[in-house]
There are 4 protein chains.
Amino acid sequence: MNDLLFLNHHSQKIVMRTKEGNKEKDILEAAVKVFGEYGYHNSKIAKIAEVANVATGSVYVYYKNKEDILLQIFDFVWSRLYHDAEEIYKNANLSSIEKLDSLIDLIFDLFASNTPLTLVFVNEQNHLQKSVPQKFTPYYEKFFDCGEHIVIEGINSNVFTKTIDVKIFRNYIFGGIRLLLNKWANAPDEFPLNKIRRNVKYFLKNGIVT
Amino acid sequence: MNDLLFLNHHSQKIVMRTKEGNKEKDILEAAVKVFGEYGYHNSKIAKIAEVANVATGSVYVYYKNKEDILLQIFDFVWSRLYHDAEEIYKNANLSSIEKLDSLIDLIFDLFASNTPLTLVFVNEQNHLQKSVPQKFTPYYEKFFDCGEHIVIEGINSNVFTKTIDVKIFRNYIFGGIRLLLNKWANAPDEFPLNKIRRNVKYFLKNGIVT
Amino acid sequence: MNDLLFLNHHSQKIVMRTKEGNKEKDILEAAVKVFGEYGYHNSKIAKIAEVANVATGSVYVYYKNKEDILLQIFDFVWSRLYHDAEEIYKNANLSSIEKLDSLIDLIFDLFASNTPLTLVFVNEQNHLQKSVPQKFTPYYEKFFDCGEHIVIEGINSNVFTKTIDVKIFRNYIFGGIRLLLNKWANAPDEFPLNKIRRNVKYFLKNGIVT
Amino acid sequence: MNDLLFLNHHSQKIVMRTKEGNKEKDILEAAVKVFGEYGYHNSKIAKIAEVANVATGSVYVYYKNKEDILLQIFDFVWSRLYHDAEEIYKNANLSSIEKLDSLIDLIFDLFASNTPLTLVFVNEQNHLQKSVPQKFTPYYEKFFDCGEHIVIEGINSNVFTKTIDVKIFRNYIFGGIRLLLNKWANAPDEFPLNKIRRNVKYFLKNGIVT
DNA sequence: AATGAATGAGATTTCATTCAT
DNA sequence: TATGAATGAAATCTCATTCAT
């Protein structure tokens with residue numbers, strides 16, 4: 001979560017990096033590491049507290065419960081993705097193809113420097129969508145709507161084919177990217193991010209038939 | 001899991017369908033239902049036993065532990081996929097494109113009639129690959145190798161482009177299909193399997209640029 | 001709870017006293033002791049299990065949670081009181097005064113040999129009526145209705161005075177008895193049960209004015 | 001607790017009513033409300049602080065711990081009751097019967113305007129007498145001694161019967177009143193205080209036999 | 001093989017109390 | 001005095017697994 005800003009429960013920006021520390025942020029970052037390493041269900045609150053260098057009880061000062069922590073992580077990620085995606089969508093200087101490429105870049109750029117966050121992102125979303133769908137971040141849908149609009153624009157301007165179903169297409173790409181991010185996070189040397197990025201851009205535009 | 005054969009721990013075919021029932025198979029099928037509905041971590045052995053109509057303790061007569069049940073499910077699925085994929089691969093009457101299409105069909109055909117199995121397949125594999133990678137079914141790799149060979153064949157015969165990285169391609173497709181199967185299993189009307197199948201075949205061959 | 005029968009969750013009589021033991025009953029009796037000694041809120045499930053000579057988890061095999069145990073205790077007591085009270089009420093051979101005296105005896109007889117049960121009875125009912133009133137045993141109201149009917153009978157036959165409000169009277173007596181049972185349970189020598197019993201019968205009939 | 005004086009830890013009268021407020025008193029009054037509503041064991045210090053409009057930590061500036069707050073409440077109540085009872089006892093103008101009636105009135109008058117205080121009084125005394133008997137307010141015993149003396153006076157002057165045991169009698173009445181106060185506090189319309197008062201005075205003097 | 005009662009380790013969560021400011 | 005973030009001990013409850021029958 002490096003140099004990124006994010007918002008706490010009261011929508012105040014958490015940017016403090018002073019000596020006194022920022023426990024809310026420390027805990028969230030620790031949770032990302034722990035969830036990333038062990039998976040949500042095998043992660044213990046005590047371990048998160050230990051990694052965050054706070055007492056167990058302190059976790060509950062900032063987060064309602066274990067699930068809430070995961071919820072905040074996804075809220076952070078999808079909010080970022082959505083806001084950046086919207087900017088791309090609104091950018092009149094970009095062609096449909098460029099917008100789609102930028103969208104791909106956006107995702108890879110966000111995760112490029114944060115393996116644990118990637119692991120949480122690719123592995124734990126199902127849990128939340130199953131268990132507390134009503135509380136799941138609204139940015140998720142908004143992001144996809146944004147992507148959909150870009151594709152529809154491209155179809156209307158005859159750059160993209162009419163043949164495809166947009167809803168299916170968006171899930172197809174996202175599923176593909178998600179699994180590739182997973183592979184990268186587990187074996188960065190075998191699956192270098194830039195190679196993945198290049199291939200994905202090619203696949204989705206041209207397919208593989210010569 | 002209907003009319004499919006599968007193998008027990010001693011690699012004996014389980015086909016018995018006598019009156020007394022086949023508890024090993026009953027338990028596995030019950031587990032698929034329960035894991036599919038609640039997710040692996042929220043599934044209780046007692047619930048699986050109840051659905052299978054056996055006593056809790058009986059589950060441990062046939063399976064070492066909870067994880068082992070999941071392992072057997074994936075072993076069954078990937079074994080099926082691998083064996084069928086190999087047949088396609090070896091079929092001299094098919095072109096590379098036809099083989100690739102058949103591979104897609106293979107997957108969709110397997111899951112078409114079994115929503116719970118689909119849900120387990122798309123949601124719970126990560127768990128096993130994280131937690132017991134060394135025990136994970138060898139058919140998984142074999143299946144993908146098979147798919148890879150088909151693509152390489154196509155590249156060599158100039159039907160498929162050299163531009164792509166085969167390892168990345170295979171994960172890209174599989175990730176896309178996996179997420180789409182998930183969507184279908186949760187909302188079959190919104191995501192009809194045949195529409196998905198048709199779109200996927202188109203995407204992977206042609207991409208979306210006109 | 002000595003030689004009394006009581007019913008388990010499935011309304012089966014629990015009378016077994018064999019070597020194999022009867023854990024459901026053991027736990028309930030242990031709970032009476034522990035609740036009686038420490039009070040409900042300061043009683044630990046682990047302590048109850050220890051006293052009952054079972055594992056902590058076994059408590060939850062038979063009881064939904066801590067509150068459920070208390071609920072079963074009160075259900076047992078009030079069911080006993082109600083059923084015995086009804087018999088008295090229906091007994092045509094007794095005068096109204098004799099019925100009232102028998103009602104008093106009934107209560108004292110039930111608790112006479114069981115100090116811990118008395119302590120639970122006099123100290124912990126508030127908790128349940130506050131926290132889970134909807135689940136509280138129906139025998140409680142039924143018992144009091146019974147007592148009320150006896151008093152009304154007496155009023156109608158001019159043995160008891162019209163001056164009183166029956167609902168107030170019933171709570172007055174019961175409150176008085178409850179506190180006296182408490183005193184007895186804590187200091188049986190200072191407050192001998194038979195002396196209490198004799199006094200109570202006198203008070204409620206004659207008052208103290210000469 | 002309205003216009004009543006009470007004493008702080010150093011036996012100084014707390015009467016200050018300045019703008020800045022009187023936190024010690026605010027906290028005690030808040031505690032009465034919170035204990036009354038939730039019961040002692042389900043009341044949280046943080047909630048008391050919130051109701052008192054002070055910080056959590058401030059509670060510990062004035063009270064040693066949670067139990068101490070309850071102790072102060074009972075000390076306040078029994079001190080009031082004792083001092084007023086003593087006045088009645090010493091009043092040479094009253095007959096024994098009048099004194100007894102005044103004692104009843106005393107109790108009802110104290111609680112008449114303060115439902116939460118009543119609830120604490122009738123529900124939480126057991127807790128203290130069990131858990132910290134050595135620290136329980138001395139006014140409790142003194143109040144009862146006072147009542148006892150009044151009854152003994154009556155017996156000696158032949159107004160009250162010799163038949164009764166005074167210790168038992170005092171607990172009987174007090175138990176009855178306590179339960180009735182409870183009923184009133186929970187359903188003031190069903191159990192109007194004056195009706196209760198009238199009935200209690202009648203019962204204890206005349207009993208119910210015509 | 002089949003059972004299901006019994007186990008007990010373990011994890012989440014709560015909250016009275018402390019203490020640095 | 002006053003604060004309220006931080007603490008961490010403690011307790012309830014869960015449930016995979018065992019084992020005597």
Less than 4.5 Å apart, side chain to side chain, heavy atoms only: is that true for [X] and [Y]?
X: B:Y38; Y: B:K44; answer: no
X: D:L71; Y: D:T137; answer: no
X: D:V120; Y: D:L70; answer: yes
X: B:V59; Y: B:I69; answer: yes

Measuring centre to centre across the rings, with the benzene-like ring taken for any Trp, is A:H41 within less than 6.0 Å of B:H127?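 For A:H41 and B:H127, the ring centres are not under 6.0 Å apart.
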
Value in whole Å for how far the [atom2] atom of [N] lies from [atom1] of [X]:
X: A:H41; N: F:dT14; atom1: NE2; atom2: P; result: 16 Å
X: B:Y40; N: F:dA16; atom1: OH; atom2: P; result: 8 Å
X: D:D68; N: E:dA16; atom1: CG; atom2: P; result: 15 Å
X: C:Y63; N: E:dA5; atom1: OH; atom2: C1'; result: 15 Å
X: A:I45; N: F:dA11; atom1: CD1; atom2: P; result: 21 Å
X: D:E50; N: F:dT3; atom1: CD; atom2: C1'; result: 16 Å

Counting only side-chain N and O atoms of C:Y60, is one of them less than 4.0 Å from OP1 or OP2 of F:dT14?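 False: C:Y60 side-chain N/O out of range (4.0 Å or more) of F:dT14 OP1/OP2.
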
As a check on the pairing definition, encode DNA chain F in dot-bracket form, counting Watson-Crick and G-U wobble pairs whose two distances are under 3.5 Å, and using | for partners outside this strand. .||||||||||||||||||||

If you check the [X] side chain, which of [options] turns out closest?
X: C:K66; options: F:dT12, F:dA2, E:dT3; result: F:dT12
X: D:T56; options: F:dA16, F:dG4, E:dT12; result: F:dG4
X: A:K44; options: F:dT7, E:dA11, E:dT7; result: E:dA11
X: D:Y62; options: F:dA2, E:dT13, F:dC13; result: F:dA2
X: D:V61; options: E:dT17, E:dA1, F:dA2; result: F:dA2

If you assign D:G57 and B:E67 each to the DNA chain F nucleotide with the nearest heavy atom, which residue ends up on the more 5' nucleotide?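 Residue closer to the 5' terminus by nearest nucleotide: D:G57.
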
By the 4.0 Å heavy-atom rule, please label D:V59 as base, sugar-phosphate, or nothing. nothing

Given that C:V54 and A:A46 both sit by DNA chain E, which one's nearest nucleotide is further toward the 5' end?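 The residue closer to the strand's 5' end, by nearest nucleotide, is C:V54.
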
Using the closest heavy atom to pick a nucleotide of DNA chain E for each, name whichever of B:N53 or C:A55 lands nearer the 5' end.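 Mapping each residue to its closest nucleotide by heavy atoms, the 5'-most match is B:N53.
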
Between D:Y140 and D:W78, how do the two ring planes meet: parallel, tilted or perpendicular, split at 30° and 60°? perpendicular

If the test is side chain to side chain donor-acceptor pair (under 3.5 Å), which one of A:K64, A:Q72, A:K66 qualifies with A:D68? A:Q72

